[in-house]
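First comes the structure, then the notes that go with it.
Proteins come first, then strands; the chains are lettered A, B, ... in the order of their sequence lines, and each starts at number 1.
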Amino acid sequence: MTTEPLQVVGKDIPRADTPARLTGQAVFVEDVQVAGPVLTGKVLRSPHPHALIERIDTARAEALAGVKAVVTAADLPKKRFGQFLQDEEYFAHERVRFVGNRVAAVAAETREIAEEAVRLIEVDYEPLQAVNSVFEALAPDAPLVHPELMSYRVLHAAAPVGGNVCSENSLSRGDPEAAFAEAERVFERTYTTAMQHHAYLEPHGCLGIYNPDGTFTVHSTTQGQFWLRNLIADVLDVPQNRVKVVGSEVGGGFGAKIAMKDEAAAAVLARKAGLPVRIVMTREEDFQCGNPRAGFHVTIKTGVTADMRMIARTMEMLLDNGAHALGAVLMSWAVPQFAEGPYQIPNLRITSRCIYTNKANSSSFRAPGGPQANFPVECETERIAAEMGWDAVAFRRKNLMPQDHVNLAGTVMRSVAVEETLDATLKLSGYDAAKAKQGPARQQPAPGQALARGRGLALGNWNVGGMPSGAVIKMNDDGSANLLSGVVDLTGVNTALTQLVAETLKLPVEKVTVKTLDTDSAPHATASVGSQALKSMGLATVAAAENVRDQLFELAVDELDTQPDKMELVAGAVRAREEPARGVAVTQLLARAMAARGPVVGYGSTGVFDRMPSFCGHVADVEVDTETGAVRVVRYCTAQDVGRAINPAVVIGQIHGGVAQGVGMALSEGLIYREGMPLNSGFLDYKIPSALDLPMIETALVESPAVIGPFGAKGVGEPPVVPVPAAIANAIFNAVGVRITSLPITPEKLLRAIHEK
Amino acid sequence: MSIPLKVVVNGVAHADSVEARTSLLTYLREVRGLLGAKRGCEEGECGSCTVLLDGQPVAACLIFAVEVEGSEIVTVEGLGRAENLSPIQRAIAEAGASQCGFCIPGVLLGAKALLAEHPRPGEEEIRRAISGNLCRCTGYDRIVAAIQQAAEGEK
C-alpha cells in the first residue's frame with residue numbers, strides 16, 4: 001500500500017458507462033443485435049407445484065408453421081446438475097417440483113407463434129400433494145420433494161440429511177445449556193421472514209447462438225460469466241472452451257442472476273434450429289422462476305447476566321429452500337458463521353436446516369441470510385434491554401465483537417471497526433435511547449388522524465471474503481493501458497478498476513481502458529456477487545499493474561544504473577528515487593522491450609481469501625398510522641464501515657440501494673404461495689418501494705482501512721440491507737408499543753397487533 | 001392484418017404499417033429500432049417503458065401502436081446524445097443517480113414532463129411524478145436530487 005497521497009482512488013470519478021445509459025444505448029440482453037434473423041424462444045413450464053409427468057408429446061407444436069425447433073429432456077444428456085448439490089434436471093421429464101419448473105422449450109419465427117407452440121405441447125401430469133411450508137415438509141408423513149435425495153452428489157457446502165432436509169449445518173462453542181442455567185434471565189422468541197424476490201427491473205434473458213465451428217456463444221444478463229459458462233457446458237456435456245459467455249448489461253442482479261436460467265435451452269434450441277434464439281422471461285415467469293431470498297423461521301434463545309453480558313445463545317433456523325438446492329444451501333452452511341451478529345457470545349450454538357418445499361428455488365439475495373439472521377438478533381437486543389431496564393446502546397457496547405475475535409468457523413475477524421461504526425451511527429442520527437419512544441403524546445396529530453412516531457436502532461455485520469480472479473494488463477505503445485477483465489460490471493466495478501490501474505501506474509484515467517470481456521478473452525474472474533468483485537478483481541488488477549511496473553523497472557536498470565528497489569514510477573517516466581532528474585520515459589522502455597523480447601503484459605491474480613467483517617448501524621424514524629396500520633419511513637440514517645471508499649459516490653449508491661431493498665423486505669415484500677400456487681407474480685401484488693415510500697437516506701462512511709483489500713477497501717454492497725428490518729421493527733415498537741416478529745410488517749398485521757395489545 | 005400508421009417520433013415523421021395487436025413499445029423497439037424504452041413487465045406497473053405521448057408520460061406497453069396515429073412521441077433517444085446531453089441527462093450523470101440504468105430512460109422522460117409543467121417542484125412533487133417509475137438499485141435518493149438539480153439549473 002502506498003503512503004503517498006492518492007491521486008485517483010477516493011475520488012468520485014464518473015462512471016464511463018453512464019452516457020450510454022442516459023441515451024438509451026446501453027445494451028441489455030433484449031437489445032443485443034446479431035447479424036441475421038433471431039428466433040424467439042419460449043419455455044414450457046409446469047403449472048403444478050408437484051406432479052409426476054406421465055407423457056410429453058411435442059408433435060403438434062413441431063407441426064405448427066413457423067416453429068423451428070422443440071426441445072425436451074430427450075435433447076440433452078441425461079444428468080443432474082447443481083453448483084452445491086446435484087439435484088436438478090434441466091428439463092423435467094419424470095417429476096416437476098414447483099410452478100415454473102422447466103419442461104420443454106420451443107423456438108419460432110415470432111413471439112406469437114412461440115407462445116402458441118408452447119400451448120400445443122401436450123403434457124400429462126399426475127398431480128401430487130405439494131409441500132407448502134417448512135412445517136409441512138418436516139411432518140412425519142410429508143410427501144418427499146426429492147425421494148432420491150441421499151443418492152445425489154454433493155459438490156460443496158451441502159450436508160443432506162434425508163426426508164426433505166437438503167442440508168443441515170451447525171456450529172457451536174462452549175456449553176449453551178449450562179450457561180442458560182447460570183444466566184440471570186433467559187429470553188426466547190421465534191421470528192419469521194418471507195421469501196423475498198429480487199424484483200430487478202430487467203427480467204432474465206439470454207440469446208443462444210450455435211456457431212458454424214460447433215461452438216456456442218451465449219449472451220446473458222449474468223452476474224458471473226465463468227460460472228455460467230461452466231454450468232452450460234456441464235448441462236450440454238461439451239468442453240468449457242467450446243462455450244463462450246458474453247455478459248450483457250445487467251438490469252439489476254442482487255444475486256438472482258448467478259444461477260443458470262434458460263441459457264442452456266437457448267443454446268440447444270439454437271443448435272437444433274440452426275439460428276440464434278433469444279429467450280426473455282415475462283415478468284410473471286420471472287417472479288415464479290427467480291431465486292428468492294429463503295424465508296427463515298428462527299427460534300432464538302438468549303441468556304444474560306445482571307451486568308448486561310450475553311453469556312449464552314442458541315438459534316435454531318429453518319430455511320424455506322424451495323424445490324432445488326441453489327445458493328440457499330451455501331447460505332445454510334454460511335449462516336452459523338455470521339449470525340452471532342456484531343457481538344461475541346461465549347456459549348453459542350447456531351443450527352441451520354435447509355428444507356425442500358414445492359416453491360421457487362431460493363438462492364442468493366444481497367447478504368444471503370444476513371437480514372434474516374439480524375432481524376431476530378437486533379429485535380431481541382432491544383427487547384431484552386427494555387425488559388431488563390437497560391440502555392440498549394450500553395447493552396450493545398458491553399457485548400461488541402472485539403478485534404481478532406474468532407468466529408464459530410474459526411476465522412479470525414480482523415479490521416473490526418464496530419465501535420467506530422456504532423459511534424458514527426449515533427452521531428449522524430442523534431440517536432438517544434431515551435427519546436426513541438416518541439409515541440403519540442409527542443406528536444401533534446392532525447384532526448382525525450392518529451399518527452405515532454418512533455425511532456429504532458439496529459447494528460449489523462456482514463463478512464466479505466474474496467474469490468479467485470485473474471487480470472491482464474496490456475501496455476500500448478503510447479503508454480496507455482488496457483485491462484483484460486472478465487468481471488461483470490454490476491455496480492461500477494470497472495470505474496473503480498480504472499482508478500486502481502491509474503493510481504498504480506500513474507496514468508490519467510483517460511489512458512486506462514477497462515471493459516468487461518467475454519469468457520474467451522479474459523482470465524477467470526470472480527462472479528459479481530458477495531460484495532467482493534472489486535476486492536477480488538481489484539487485488540488481481542493491482543497485482544497486474546505492479547507486475548507491469550516491476551517490468552518497467554527491470555527495463556530501466558541499465559539506463560538508470562540503479563536497482564528496481566531504488567526506482568519510482570511517476571507520470572510517464574521511471575526515475576531513480578534519489579536522483580529525480582535522472583529518468584527515462586515509459587514509452588521508451590516499452591519500445592525497448594518490444595524490440596528485445598516483445599510486448600509488455602502484466603498478470604496478477606488472487607485466490608480465495610478469508611472473510612473479513614464489515615459493520616453498519618442504522619437508525620430508522622417511522623410514522624405509524626394507528627388507524628390503518630400503515631408505516632411510513634420518514635428519516636433513515638446509516639453509518640457503514642467501508643475500509644476505504646475507492647469511489648465514494650458509487651459506495652453511497654450501494655448503501656442507498658441496500659436500504660431500499662431492506663425497507664421493502666420489512667414492510668411490503670413476500671412471495672405468497674397457497675398450496676404451492678404462487679399468488680403474487682407481478683409488481684401490482686408484489687410491492688417494492690416506489691419513490692413515495694422512502695425518504696432521503698443519510699449516510700456516513702467509516703473509513704478504517706482493512707488489512708486485506710485494494711487500498712484497504714472492504715466490500716460494501718451487501719451490509720446495508722442487513723439491519724434494515726430490525727431497525728424498522730424496533731422503530732415501530734417505539735412508536736406504538738408492539739413488537740412484530742414476522743416480516744413483512746404489513747398494515748393488516750400491524751393493525752391487528754395494535755388492537756390486540 | 002396490417003394497418004397504416006403515421007406518427008412523429010423524436011421529431012421525425014414516419015409512415016409505417018403495423019398489426020392491430022402491436023403495442024407502442026414493440027413498434028418503437030422493433031420497427032423504429034429505438035431500444036431505450038424497456039420491457040420490464042408489460043403490465044404497466046414498472047414504468048421502464050415510459051415514453052412521452054404529446055408531452056405526457058405513458059406506459060408504451062399498454063398502448064396499441066395504432067392508437068398514436070397523428071401524435072408525437074418522444075423517447076430517451078430524443079433527449080440528447082452523449083456529446084450533447086440535455087440538462088436532465090446531465091443532472092442524472094452528475095448526481096451519480098444511475099446504477100444499472102434500466103429504469104433511467106423512463107425516469108428521464110417522466111422528469112422532463114414534470115419540469116415542463118412544474119419548473120420548481122418540491123421533493124414530494126418529484127417523488128409523486130416518478131412514483132410510477134420503479135427502481136430497484138438506487139433507493140431513488142440520487143434520482144430525486146438530480147431532478148432538483150435540473151430544476152435549479154433551468155432557472
Against chain A, label B:Glu123 side chain, backbone, both or neither, depending on which of its atoms sit under 4.5 Å from a heavy atom there. side chain
Can we say A:Asp31 and B:Arg29 salt-bridge, meaning some charged N sits less than 4.0 Å from an Asp/Glu carboxylate O? yes
Test item: B:Tyr140 side-chain N/O and A:His656 main-chain N/O as donor-acceptor pair under 3.5 Å: no
Is there a donor-acceptor contact under 3.5 Å from the side chain of A:Arg283 to the main chain of B:Gly40? yes
Looking at A:Arg111 and B:Glu19, does any basic side-chain N land under 4.0 Å from a carboxylate oxygen? no
Salt bridge flag under 4.0 Å for residues B:Arg136 and A:Glu669: yes
Between A:Arg21 and B:Ala93 (side chain of the first, backbone of the second, donor and acceptor by atom type, cut-off under 3.5 Å), is there such a pair? no
Dump the intermediate steps for side chain to side chain donor-acceptor pair (under 3.5 Å) on A:Gln654 and B:Gln99, then the final yes or no. CA-CA 9 Å; A:Gln654 286 300 300; B:Gln99 288 186 34; 3.3 Å; yes
Between A:Glu202 and B:Lys38, does any NZ, NE, NH1 or NH2 come within less than 4.0 Å of an OD or OE carboxylate oxygen? no
Counting heavy-atom pairs under 4.5 Å with chain B, the top scorer among A:Gln33, A:Glu249, A:Gln25 is A:Gln25
Value rounded to 0.5 Å, distance of CG in B:Leu134 from NZ in A:Lys687: 8.0 Å
Highest number of heavy-atom pairs under 4.5 Å with chain B: which of A:Gly253, A:Gly492, A:Gly658, A:Pro695? A:Pro695
Which region of A:Val250, side chain (C-beta onward) or backbone (N, CA, C, O), has a non-hydrogen atom less than 4.5 Å from a non-hydrogen atom of chain B, or is it both or neither? backbone
Looking only at atom types and distance, does a side-chain atom of B:Arg127 sit under 3.5 Å from a main-chain N or O of A:Leu692, one as donor and one as acceptor? no
Region of B:Gln89 that comes under 4.5 Å of a non-hydrogen atom in chain A: both
Taking A:Ala660, A:Gly664, A:Gly653 one by one, which has the highest count of heavy-atom pairs under 4.5 Å against chain B? A:Gly653
Side chain from CB out, backbone as N, CA, C, O: work out which of these in B:Thr138 comes under 4.5 Å of a heavy atom of chain A, or both, or neither. backbone
One option among A:Pro203, A:Pro19, A:Gly682, A:Ala26 has the most heavy-atom pairs under 4.5 Å with chain B, and it is A:Pro203
Please look at A:Ala199 and chain B and tell me whether the side chain, the backbone, both or neither of the residue comes under 4.5 angstrom of a heavy atom of that chain. both
